[in-house]
Amino acid sequence: MIDDDSYDPLAGAGLDTLAIRAGHVRTAEGEHSEPLFLTSSYVFSDAAEAAARFSGEQPGNVYSRYTNPTVRVFEERIAALEGAEQAVATSSGMAAILSTCLALLQAGDHVVCSRDVFGTTTVLLDKYLQRFGVETTFVPLTEMDQWQQAIRPETKLMFLETPSNPLCEVADISALAELAHSKNVLLVVDNCLCTPALQKPLELGADLVVHSATKYLDGQGRCMGGVVAGRSELVNEVLAFIRSAGPTMSPFNAWVFLKGLETLRLRMEAHSANALELALWLQQQPQVENVFYTGLTDHPGHEIASHQQRAFGGVLSFRVKGGREQAWQVIDGTQILSLTANLGDAKTTIVHPATTTHGRLTDEQKAETGITENLIRIAVGLEDIVDIKADLARGLSAI
Ligand SMILES: *Cc1c(COP(=O)(O)O)cnc(C)c1O
């Protein structure tokens, strides 16, 4: 044993080791698996200790809206995986995005956001933050000139998600980080689709990473959660907001996510391998017009994704020949795939973006962003790829 409190045996450890072990300090019970602390509050040994804990003079737990040991393990593990100084967990992915915005912005500030982010993120910025005097300009994810032109003196934050969902467009995170920093703007990246197993935005210059843990971090579609990771100076601002506003992660959910994280890299590689095989197969089907997947060499985002990501992820989309009717026939013709908008699950999911996830867009917005009536999105799961193909073949033969 090395008798030095500052010695960290996991310093420099690989991604899998961190995903399995980071953050857990065994209690006196000697448990092997991370313990679940289902407690809302904590008791103090005497009044002086209570006073010291409340004033912050003595570190330790006070109340689970502030800290919970199981949630802390999850936060430390995500920080280790993302290469962040610190992370803070939230009740959902949207809570992570909202808390980041409310902690770092004030009335009069301006945000530049990719047009191709998760739909609810657009609503949050465009409808709700707008009411509080924060204006947002939406720009196409891959158009560097438009990002640059949209920045104003009052711009505080740039927000993006890469690859985009469902068309898999890819942003150059390093180039956008450089642009942001040259204008004194923070770059926030939603890393939900890649997870730190495939992409590390902080290493590429982003200031903060946000996640919906609901997706691949869980990996089996069980729990809602989110997380914000980055430099302590920024994460502490978000943490202070969360403690006051209350969108904390449930310890039970944190415990489920910890179990999910143990297989993160294996799962992400398996999702990516299945997705690539499916994309190549779809390209050869006579009923398919075109396929959008960053792993395909003719995809416009392929080159950046090849050096920015370790693999291409599990989400792809394709256009069938025809319109809404044909797309719906394909979806309704499948019998194994789950018809649901969720993604990041071991179970493959299929959805018609134009009438579900992107249904609120106007026809003009749909045309601009490529959400056509014949587009189908698949979040490729971990079933045997032959069975996924066979089910889609059933769907395609229904046209
Ligand atoms: C699902 C999702 C969110 C929102 O997360 P919730 O956990 O559903 O609140 C944010 N960003 C992306 C990319 C998502 O896929």
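This chain uses plain numbering: 1 for the first residue, then up along the sequence. Read the numbers this way: they start at 1 and go in the same order the structure lists the ligands and their atoms.
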Checklist entry - Looking at Arg77, Glu76, Arg72, Glu31, which one forms a side-chain hydrogen bond (donor to acceptor under 3.5 Å, both in side chains) with His24? => result Glu31
Checklist entry - Taking the side chain from Asp345 and the backbone from Gly381, do they hold a donor-acceptor pair closer than 3.5 Å? => result no
Checklist entry - How long is the gap from CZ on Phe312 to SG on Cys168, to the nearest 0.5 Å? => result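 Those atoms lie 11.0 Å apart.
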Checklist outcome for this item: Output for pair (Leu258 CG, Ile78 CD1), nearest 0.5 Å, gives 8.5 Å
Checklist entry - Which atom pair, heavy atoms only, marks the closest approach of Pro286 to Lys321? => result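 Distance-wise, the nearest heavy atoms are O-NZ, 2.6 Å.
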Item to check | Shell of residues surrounding ligand 1, defined by a 4.0 angstrom heavy-atom cut-off that is strict | outcome: Ser92, Gly93, Met94, Phe118, Glu161, Asp190, Cys192, Leu193, Ser212, Thr214, Lys215, Met224, Gly225
Checklist entry - Any Lys/Arg nitrogen of Arg324 or Glu373 sitting under 4.0 Å from an Asp/Glu carboxylate oxygen of the other? => result yes
